[in-house]
Amino acid sequence: QRDFVEAPPPVVFRRPGATEALPKETEHSHPAAAAAAATEATNMAQVTCDNWDGAAAVPPKDGQYMNVESPVTGEVIGRVAISSADDVAEAVARASAALGAWRGMTTKARAACMFRLHHLINEHKEELARLITLENGKNHTEALGDIAKGNETVEWACSLPQVSQGKVCTVSRGVHCMDTRKPLGIVAHIVPFNFPAMVPLWTLPIALAAGNCVILKPSEKVPLTFNRIAQLIAQAGVPPGVFQMVNGAVDAVNALCDHPEIAAVSFVGSSNIAELVYQRCRALNKRCLALGGAKNHLVALNDCDHEAAARDIAASAFGCAGQRCMAASVLLLVGDTGDLLDRVVAKAQALELGTESGKVGAIIDQRSRDKMHGYVDRAAESGAKILVDGRPGAARSPGYWFGPTVMVFTDKTQECLHDEIFGPVLSVLRVSSWEEAIEIENNNPYGNAASIYTSVGANAEWFCDRFRAGMLGVNIGVPVPREPFAFGGMYGTRSKFGDMDITGDGALEFFTDRRKITTRYGAPQQAVAMENGNGHANGHADHANFVGRM
């Protein structure tokens, strides 16, 4: 079946009506600043997100749009283009026309655009944070973090003139080998809703600085943030056609995977779709990196700092409303861990819903909220002990909300211990030994992240040697690697399909081809005579040198 991406909601053709200002939680403490922020957010909400050719908005060819809702208010805040294969083909044609000149620039010249972009993002971070809160529901601090982490990758891309250099080595007398990096050409990024700025910025600055042209498909649920960042990219000096956006859903994704001139596709989203995107691309012998979901396990030993561990566990499980692939999902308590769980419960109970810093933000849509509700309902029916119940938070109106939830299980087969819920829900299981904890973590089909809480280095090493995950933490519940280290789960799991990693040096490897060049020029006559005589140079025979020999 070709159309494997979930069909979008019904397309609407009316322009969105006026929306209310952000609720009180997002306002600044100063009344004048609060009024200005609310007015700006309301005005921004009216933006129609068309496609982008690198210099101007481009309406979809068939004129179709869908509404964009704010999870904070439940109100329609804009509309986004629904693109077809024809829209993708036009974007590819523009990229193809721009590729030669962009690829022909020096890496230093391309990186200079990233320097300017880094500055512009910092300059506009408050504006971008308000957009993220409006369309995604993050609290203000988390929205700023979304921008800062993405901009950290922009900063790393500025170093490509230094870090992308190849190697040169004399491998035999008069013979030199070197490698160089060449851009792939036109590449596509397909990104999720949960980090409107960070995830697109994981890939595009590295791909651009390496000399590729980039076509981005933002999530149709959160198109406003990158609609604005696209303008900053143009302002930074990236030429038209080099960076473009194609909005939409199933048809746009399929077309990006299938177009023969798109050399590589990166994807972040659910495991089922990641696997299908990967299979579709690889059937065409196209390079693909598709990151899927996660079921991250935290293991706590009694020797850990209970207060620090409880604080970190709560932040990992409930930060960003649990809507991140690095969130804590299962807490394994090994043996007697004293009051650690009580401390986690107390911190969960103290959290409030809202978009102010330190609060649990909104859930992206009603369907996601109802899915969380269903998991907790079934857990309660199966006999789980609910220590903190987030279901009353679902009644909050307007918008879509779900409160922090902590449940203790005794049945290892319960679905909450295995399925990706993608919300502020922490499932707790007590185990009797280190080996039992490792067995549970290893048997889960995902392989994104795992963490150990302990104050003993040898204990941490024991677990890190045995975890089955690509990103590991010691007393850190969200072990996101920072540049130059690359982000990515473990091969052979439901968290990662395809090649390399998605940030840092892994992304540089993904978005370039290494070319190996072996050269020999005329050697001095004395050296030629020595080689022709007996194959020896300075008394050492080079039997591996086949240059000019049979």
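Along the sequence shown, the residues carry numbers beginning at 1.
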*Asks:* Supply the atom-to-atom distance K347 NZ to D312 CG, rounded to the nearest 0.5 angstrom.
*Replies:*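 Spacing of NZ (K347) from CG (D312) equals 11.0 Å.
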*Asks:* Do the side chain of S329 and the main chain of N296 share a donor and acceptor less than 3.5 angstrom apart?
*Replies:*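 Checking the backbone N and O of N296 against the side chain of S329, no donor-acceptor pair under 3.5 Å is found.
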*Asks:* Should the heavy atoms of other residues, nucleotides or ligands under 6.0 Å from NZ of K125 be counted, would the total exceed 12?
*Replies:*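 Open.
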*Asks:* Any donor-acceptor pair under 3.5 Å linking the side chain of N139 with the backbone of G361?
*Replies:* no
*Asks:* Mind checking whether F243 and C213 have side chains closer than 4.5 Å, heavy atoms only?
*Replies:* no
*Asks:* Can you measure from OG (S70) to CG (L134) and round to the nearest 0.5 angstrom?
*Replies:* 4.5 Å
*Asks:* Between A55 and P240, what is the shortest heavy-atom contact and its length?
*Replies:* CB-CG, 3.9 Å
*Asks:* Classify the side-chain pair N247/Y65 by whether it contains a donor and acceptor separated by less than 3.5 Å.
*Replies:*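 On atom types as modelled, these side chains do not qualify, holding no pair under 3.5 Å.
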*Asks:* Please name the pair of heavy atoms, one in D50 and one in A81, separated by the smallest distance, quoted to 0.1 Å.
*Replies:*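 Here D50 and A81 meet closest at CA-CB, 4.1 Å.
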*Asks:* Show your working on side chain to side chain contact (heavy atoms under 4.5 Å, CB included) between N194 and I364 and close with a plain yes or no.
*Replies:* CA-CA 8 Å; N194 56 333; I364 189 63; over 6 Å; no
*Asks:* Look at the side chain of N448 and the backbone N and O of S495, then say whether any donor-acceptor pair between them is shorter than 3.5 Å.
*Replies:* no
*Asks:* Which is it for V330 and L298 under the side chain to side chain contact (heavy atoms under 4.5 Å, CB included) test, yes or no, and what are the steps along the way?
*Replies:* CA-CA 6 Å; V330 176; L298 309 182; over 6 Å; no
*Asks:* Show the nearest heavy-atom pair for residues D87 and V246, with the distance to one decimal.
*Replies:* O-CG2, 4.5 Å
*Asks:* From M114 CE over to H118 NE2, what is the distance, rounded to the nearest 0.5 angstrom?
*Replies:*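 Interatomic distance, M114 CE to H118 NE2, rounded to 0.5 Å: 11.5 Å.
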*Asks:* For a quick check under 3.5 Å, do T225 and E135 share a side-chain donor-acceptor pair by atom type?
*Replies:*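 Yes.
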*Asks:* Side-chain contact, heavy-atom cut-off 4.5 Å: Q231 with W52?
*Replies:* yes
*Asks:* Any side-chain heavy atom of V214 within less than 4.5 Å of one from V242?
*Replies:*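 Side chain of V214 against side chain of V242, heavy atoms only: no contact under 4.5 Å found.
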*Asks:* Nearest 0.5 Å, what's the OH-CG distance between Y400 and D370?
*Replies:*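 Interatomic distance, Y400 OH to D370 CG, rounded to 0.5 Å: 9.5 Å.
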*Asks:* Walk me through whether K138 and F195 qualify under side chain to side chain contact (heavy atoms under 4.5 Å, CB included).
*Replies:* CA-CA 9 Å; K138 280 181 169 61; F195 286 91; 3.6 Å; yes
*Asks:* Would you say T405 and F402 make side-chain contact, with heavy atoms under 4.5 Å?
*Replies:* yes
*Asks:* For the backbone of I82 and the side chain of Q64, can you confirm whether one donor and one acceptor N or O come within less than 3.5 Å of each other?
*Replies:*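 Judged by distance alone, no pair lies under 3.5 Å.
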*Asks:* Quick one: does any side-chain atom of N444 pair with a main-chain N or O of Y446 as donor and acceptor, under 3.5 Å?
*Replies:*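 Checking the backbone N and O of Y446 against the side chain of N444, a donor-acceptor pair under 3.5 Å is found.
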*Asks:* Any ion pair linking D389 and R391 (charged N to carboxylate O, less than 4.0 Å)?
*Replies:*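 Yes, R391 and D389 are salt-bridged.
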*Asks:* Has the side chain of T203 got a donor or acceptor atom that lies under 3.5 Å from a matching backbone atom of P200?
*Replies:* yes
*Asks:* Find out whether I502 and V268 are in side-chain contact, i.e. whether some heavy atom of one side chain is under 4.5 Å from a heavy atom of the other.
*Replies:*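 They are in side-chain contact.
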*Asks:* Please confirm whether the backbone N or O of I363 pairs with a side-chain atom of S368, one donor and one acceptor, at under 3.5 Å?
*Replies:*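 Looks like no, no N/O pair under 3.5 Å.
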*Asks:* Quick one: closest heavy-atom pair of A157 and A111, and the distance?
*Replies:*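 It is O-CB, 4.2 Å.
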*Asks:* Keeping the roles fixed (side chain from D501, backbone from T503), state whether a donor-acceptor pair exists under 3.5 Å.
*Replies:*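 No, because the side chain of D501 does not come within donor-acceptor range (under 3.5 Å) of the backbone of T503.
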*Asks:* Less than 4.5 Å apart, side chain to side chain, heavy atoms only: is that true for R228 and L232?
*Replies:* yes
*Asks:* Answer with yes or no after comparing the ring centroid distance for F511 and H189 against a 6.0 Å cut-off, counting only values under it.
*Replies:* yes
*Asks:* Regarding K149 and E483, does a basic nitrogen lie under 4.0 Å from an acidic carboxylate oxygen?
*Replies:* yes
*Asks:* Taking A129's backbone N and O only, do any of them form a donor-acceptor pair with T133's side chain (distance below 3.5 Å, no angle check)?
*Replies:* yes
*Asks:* Give me the atom names and distance for the closest heavy-atom approach of V299 to F463.
*Replies:* CG1-CE2, 3.8 Å
*Asks:* Might you work through the side-chain hydrogen bond (donor to acceptor under 3.5 Å, both in side chains) test for Q235 and H124, ending with a clear yes or no?
*Replies:* CA-CA 12 Å; Q235 190 176 340; H124 292 271; 5.0 Å; no
*Asks:* Is K295 salt-bridged to D419, going by a charged N under 4.0 Å from an acidic O?
*Replies:*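 Salt bridge: no.
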*Asks:* Can you tell me how far the CG atom of N151 sits from the CG atom of L117, to the nearest 0.5 Å?
*Replies:* 6.5 Å
*Asks:* Mind listing the closest non-hydrogen atom pair of A274 and A290 along with its distance?
*Replies:* O-CB, 3.3 Å
*Asks:* Could you tell me whether the side chain of V68 reaches within less than 4.5 Å of the side chain of P223, counting heavy atoms only?
*Replies:*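 Heavy-atom side-chain distance check passes, below 4.5 Å.
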*Asks:* Quick one: are L341 and L387 in side-chain contact, heavy atoms under 4.5 Å?
*Replies:*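 Sidechains of L387 and L341: in contact.
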*Asks:* Please walk me through it: do R494 and N272 pass side-chain hydrogen bond (donor to acceptor under 3.5 Å, both in side chains)?
*Replies:* CA-CA 8 Å; R494 300 288 296 167; N272 289 341; 2.9 Å; yes
*Asks:* Just verifying a value: how many Å separate M471 CE and F487 CZ, rounded to the nearest 0.5 Å?
*Replies:*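 Reported value, rounded in 0.5 Å steps: 3.5 Å.
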*Asks:* Let's go through M66 and E220 carefully: what are the C-alpha distance in whole Å and the side-chain angles of both, what is the deciding distance for side chain to side chain contact (heavy atoms under 4.5 Å, CB included) to 0.1 Å, and is it a yes or a no?
*Replies:* CA-CA 8 Å; M66 64 181 287; E220 63 274 20; 4.0 Å; yes
*Asks:* Please confirm whether the backbone N or O of C325 pairs with a side-chain atom of E420, one donor and one acceptor, at under 3.5 Å?
*Replies:*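 No; judged by distance alone, with no hydrogens or angles, the pair does not exist.
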*Asks:* Can you confirm whether R482 is buried at CZ, in the sense that more than 12 heavy atoms of other residues, nucleotides or ligands lie under 6.0 Å from that atom?
*Replies:* no
